[in-house]
Protein chains: 2
Amino acid sequence: MPGGYRQFCPIALASETLTQRWMLLIVRELCAGATRFGEISRGVPGITATLLKRRLDTLEQAGVIERYAAGHTRHAYRLTRAGEELRPVLAGIGTWGQRWARDIRPDDLDPGWLVWAMHRRLDTAAMPPGRTVIGFIFSDALPHQRRFWLVCSHPEVEVCLQPPGHEEDLIVTTTVRAMAEVWRGLRPLTPEMRSERILLAGRLALRRAFPRWLKLSMFAGVERQTRP
Amino acid sequence: MPGGYRQFCPIALASETLTQRWMLLIVRELCAGATRFGEISRGVPGITATLLKRRLDTLEQAGVIERYAAGHTRHAYRLTRAGEELRPVLAGIGTWGQRWARDIRPDDLDPGWLVWAMHRRLDTAAMPPGRTVIGFIFSDALPHQRRFWLVCSHPEVEVCLQPPGHEEDLIVTTTVRAMAEVWRGLRPLTPEMRSERILLAGRLALRRAFPRWLKLSMFAGVERQTRP
DNA sequence: CAGGATCCGATTAGATACTG
DNA sequence: CAGTATCTAATCGGATCCTG
């Protein structure tokens with residue numbers, strides 16, 4: 001009985017595809033706006049290309065996503081109507097996770113993913129006209145994962161693993177955990193800045209504007225519960 | 001990376017335990033009111049006792065359920081507050097499954113599970129005082145799965161695989177598929193009865209009352225969609 | 001960039017038999 | 001009834017290398 005449950009219960013039928021490994025994270029990426037294979041892949045680090053392709057095929061067969069041509073020889077993925085209706089399901093799972101899932105472990109603290117998650121929701125409209133470059137320094141990360149840059153235009157935001165060649169307008173020095181906990185909404189940003197656990201360097205106007213650029217996780221407003 | 005995703009995203013953290021095989025079906029049973037190991041097991045046919053125990057342990061560790069003493073040397077399971085908050089999540093998944101999941105395949109049509117599902121939601125209050133015995137005959141099932149009996153008191157309902165020793169008050173003759181589709185809300189009951197795809201035998205008053213006893217699936221009211 | 005083709009290894013599911 | 005214990009097989013995930 002590989003995969004299936006042999007039950008006609010709607011929960012069992014939905015589970016057959018949705019609870020396969022990586023599935024929900026892939027759908028999450030599509031909900032977040034990813035369309036290309038590479039984008040999805042970056043949002044789901046850990047999955048191999050082979051497996052990602054298999055999962056995308058399964059999702060397509062299940063009617064959750066569809067492939068479409070994006071330029072000749074290129075293609076992309078988007079949610080179907082059925083897929084769109086997974087948004088509230090994902091929202092429910094995320095809300096539950098925010099409230100009740102286990103605490104963050106050191107292993108979970110991938111700075112690359114954190115930056116990737118932040119870049120997707122940056123409010124470029126609130127930023128100064130022209131280009132703004134934000135540099136991140138994660139003091140607790142491994143050497144090759146210590147520095148990232150967000151090159152923000154309107155409305156594109158690009159993530160760079162190498163110096164982008166433009167001067168930084170703002171440099172954020174912090175730990176992955178501090179930034180992740182703020183992004184999750186587990187701690188408010190302002191006190192972290194005051195205590196310099198998150199340290200900004202750059203022009204005062206930019207430092208003061210930064211909190212408005214940074215849109216936190218969708219679930220940041222959901223209050224975490226503690227198990228008895 | 002066995003099991004986990006190494007991501008601090010709430011969806012990923014919740015998925016770590018919730019998307020393990022059988023998990024959602026086990027939680028479904030607990031939501032439906034099962035408390036004892038054997039009850040859960042009957043609602044999730046296919047899972048072995050070994051695996052069910054492992055899953056229950058994992059759920060307990062995750063804070064979703066708790067074990068408690070039920071009589072000496074007996075114990076039982078119940079949802080914690082965190083577990084209770086999975087109800088809306090399950091409801092969302094079931095709703096999605098009702099609308100968009102794949103069609104029922106012959107393999108899914110387990111008559112034993114169908115009867116088990118029906119017995120949980122029978123409205124005994126709407127039934128005549130005293131005991132009512134309903135017999136089911138599934139003409140399309142394998143010989144050893146053709147006949148079932150529901151022995152209904154107030155409010156207990158017992159499922160019997162052997163003749164219970166009391167005369168049947170009502171006998172329902174049908175196919176597993178017809179009954180399952182009605183239970184899922186994919187077809188209304190009355191036309192099935194008129195066309196005798198679901199055939200009742202017994203006193204007229206009971207035959208006419210039967211539709212009121214039978215509470216369908218939680219998702220029967222959700223309209224199924226067809227993929228383009 | 002977006003995969004395809006293999007290959008290997010570990011986990012895990014499942015069967016079976018047994019127990020307080 | 002509510003599990004344990006053990007074993008096996010298979011699946012699945014992941015790595016590696018390759019390609020239009």
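Reminder, nothing fancy here: chain letters follow the sequence lines and each chain counts from 1.
- A donor-acceptor contact closer than 3.5 angstrom is absent between the side chains of B:Gln225 and B:Trp100.
- Taking only side-chain nitrogens and oxygens, A:Arg54 never comes nearer than 4.0 Å to OP1 or OP2 of C:dG3.
- Within residues 104-115 of chain B, no residue has any heavy atom closer than 4.0 Å to DNA chain C.
- Here D:dC1 presents its P atom at 17 Å from NZ of B:Lys53, a figure rounded to the nearest Å.
- With rounding to whole Å, A:Asp57 atom CG is found 7 Å from C:dG4 atom P.
- By the 4.0 Å N-to-carboxylate-O rule, B:Arg67 lies too far from B:Glu60 to be salt-bridged with it.
- Between B:Glu168 and B:Arg147 there is a salt bridge, with a side-chain nitrogen of the basic residue lying less than 4.0 Å from a carboxylate oxygen of the acidic one.
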Mind listing the N/O atom pairs, protein and nucleotides 18-20 of chain D, below 3.5 Å?
none

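- Sparse packing is recorded around CD of B:Gln61, with 12 or fewer heavy atoms of other residues, nucleotides or ligands lying under 6.0 Å away.
- Contact check on A:Asp103 versus A:Arg227 returns no salt bridge, with no Lys/Arg side-chain nitrogen under 4.0 Å from an Asp/Glu carboxylate oxygen.
- Of all nucleotides listed (D:dG3, C:dA13, C:dG14), C:dG14 comes nearest to the side chain of B:Trp22.
- Rounded to an integer number of Å, the gap from B:Met23 CE to C:dT12 P is 11 Å.
- Put simply, A:His75 has a side-chain N or O that comes within less than 4.0 Å of OP1 or OP2 on C:dG3.
- Between its two ends, the helix from C:dC1-D:dG20 to C:dG20-D:dC1 turns its axis by 60°, counting five pairs per end and rounding to 10 degrees.
- Rounded to whole angstrom, the span from the CZ atom of A:Arg42 across to the P atom of C:dC1 amounts to 10 Å.
- With respect to the salt-bridge test (charged N to carboxylate O, under 4.0 angstrom), the residues A:Arg6 and B:Asp108 do not qualify.
- The two atoms that bring B:Phe148 and B:Pro111 nearest to each other are CE1-CB, 3.9 Å, heavy atoms only.
- Proximity of B:Arg55 to the phosphate of C:dG14: no side-chain N or O atom is located under 4.0 Å from OP1 or OP2.
- Proximity of B:Arg21 to the phosphate of C:dG14: a side-chain N or O atom is located under 4.0 Å from OP1 or OP2.
- Side-chain polar atoms of A:Arg224 and A:Gln98 form no donor-acceptor pair below 3.5 angstrom.
- At a threshold of 4.0 Å, the pair A:Glu29-A:Arg36 does not count as salt-bridged, since none of the basic side-chain nitrogens sits closer than that to a carboxylate oxygen.
- Side-chain contact between B:Asp110 and B:Trp116: absent, with no pair of heavy atoms (C-beta onward) separated by less than 4.5 Å.
- Residues of residues 30-41 of chain B having a heavy atom closer than 4.0 Å to DNA chain D, listed by number: B:Arg36, B:Phe37, B:Gly38.
- In this structure, the CG atom of B:Leu51 is 14 Å from the C1' atom of D:dT4, given to the nearest Å.
- Ion pairing between A:Arg102 and B:Glu16 holds under the 4.0 Å rule for side-chain N and carboxylate O.
- Using cut-offs of 30° and 60° on the angle between ring planes, the pair B:Phe37 and B:Tyr77 is tilted.
- B:Arg54 places a side-chain heavy atom less than 4.5 Å from the side chain of B:Leu51.
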For nucleotides 5-10 of chain D, list the nitrogen or oxygen atoms of the protein found under 3.5 Å from its nitrogen or oxygen atoms, one pair per line.
unit_1: D:dA5; atom_1: N6; unit_2: B:Thr50; atom_2: OG1; d: 2.8

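- We find that CG of A:Leu52 is positioned 13 Å from C1' of D:dG13, with the value rounded to whole Å.
- Counting to the nearest Å, the P atom of D:dA2 and the CD1 atom of B:Ile26 are 15 Å from each other.
- Under the salt bridge (Lys or Arg N to Asp or Glu O under 4.0 Å) criterion, A:Glu66 pairs with A:Arg78, not counting sequence neighbours.
- Between B:Gln20 atom CD and C:dA13 atom P the separation is 7 Å, expressed in whole Å.
- Comparing D:dA15, C:dA15, D:dG13 against the side chain of B:Thr48 picks out C:dA15 as the nearest.
- Few gaps surround CD on B:Glu156; more than 12 heavy atoms of other groups in view lie less than 6.0 Å from it.
- For the pair B:Tyr5 and D:dG13, the criterion of a side-chain N or O lying under 4.0 Å from OP1 or OP2 is not met.
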B:Ser139 and B:Thr174: side chain to side chain contact (heavy atoms under 4.5 Å, CB included), yes or no, with the steps? CA-CA 6 Å; B:Ser139 56; B:Thr174 182; over 6 Å; no
Before giving the answer on side chain to side chain donor-acceptor pair (under 3.5 Å), spell out for B:Glu84 and B:Thr80 the whole-Å C-alpha distance, their side-chain angles and the decisive distance to 0.1 Å. CA-CA 6 Å; B:Glu84 288 291 342; B:Thr80 60; over 6 Å; no
